[in-house]
Amino acid sequence: MFSKIAIVLSALALVVSAQTSQCNTGPVQCCNSVKSSDDKSIAGVLAAVGAVVQGVVVQVGLDCSPISVIGAGGDSCTAQPVCCTNNNFNGVVALGCTPININA
């Protein structure tokens with residue numbers, strides 16, 4: 001009986017971990033900073049990676065890396081955890097970011 005409960009609880013923990021570490025748009029990202037796309041201080045970075053955000057104001061994550069499983073050793077975020085809609089710039093920038101709370 002106890003082994004069945006342990007198996008169910010383990011499976012439930014894995015599902016919760018998987019849901020927590022994923023956004024609807026991909027993995028949770030840990031970005032060193034998040035700025036608005038209309039912030040002139042990041043215009044050069046956006047141009048350098050070919051990110052076109054003209055006419056749209058979105059949150060931009062800078063120097064980002066994915067967080068695989070929240071709470072697992074070594075995968076912590078001491079900066080800003082975010083979900084982003086466009087992570088196709090090799091971690092230099094991520095577009096359409098929304099800050100999230102991974103400590104909940």
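- With rounding to the nearest 0.5 Å, the separation of CG in Asn32 from SG in Cys77 is 8.0 Å.
- At a threshold of 4.5 Å between side-chain heavy atoms, the hydrophobic network of Ile, Leu, Val, Met, Phe, Trp and Tyr places Phe89 and Val60 in one connected group.
- Of all non-hydrogen atoms in Ser41 and Lys35, the two that sit nearest each other are OG-NZ, 3.6 Å.
- Taken as a pair, Cys83 and Cys23 meet the criterion of an SG-SG distance shorter than 2.5 angstrom.
- The closest side-chain heavy-atom distance from Ile100 to Val82 is not below 4.5 Å.
- Disulfide check for Cys64/Cys30 fails, with the SG atoms at least 2.5 Å apart.
- Under the 4.5 Å side-chain heavy-atom criterion for Ile, Leu, Val, Met, Phe, Trp and Tyr, Val34 and Val92 are members of distinct hydrophobic clusters.
- You'll find the side chain of Thr85 stays beyond 4.5 Å of the side chain of Asn24, heavy atoms only.
- Between Leu62 and Val93, some side-chain heavy-atom pair lies under the 4.5 Å cut-off.
- Ser37 places no side-chain N or O within 3.5 Å of a backbone atom of Val53 that could act as its donor or acceptor partner.
- For the atom pair Gln59 CD and Asp39 CG, the distance stands at 9.5 Å (nearest 0.5 Å).
- In terms of heavy-atom proximity, Cys97 sits nearest to Gly61 at SG-N, 3.5 Å.
- For Asn86 (side chain) and Asn88 (main-chain N/O), a donor-acceptor pair under 3.5 Å exists by modelled atom type.
- Checked by atom type and distance alone, the side chain of Ser36 never pairs as donor or acceptor with a backbone atom of Val57 at under 3.5 Å.
- Cluster annotation: Val58 is not connected to Val52 through the hydrophobic network of ILVMFWY side chains, with a link wherever side-chain heavy atoms come within less than 4.5 Å.
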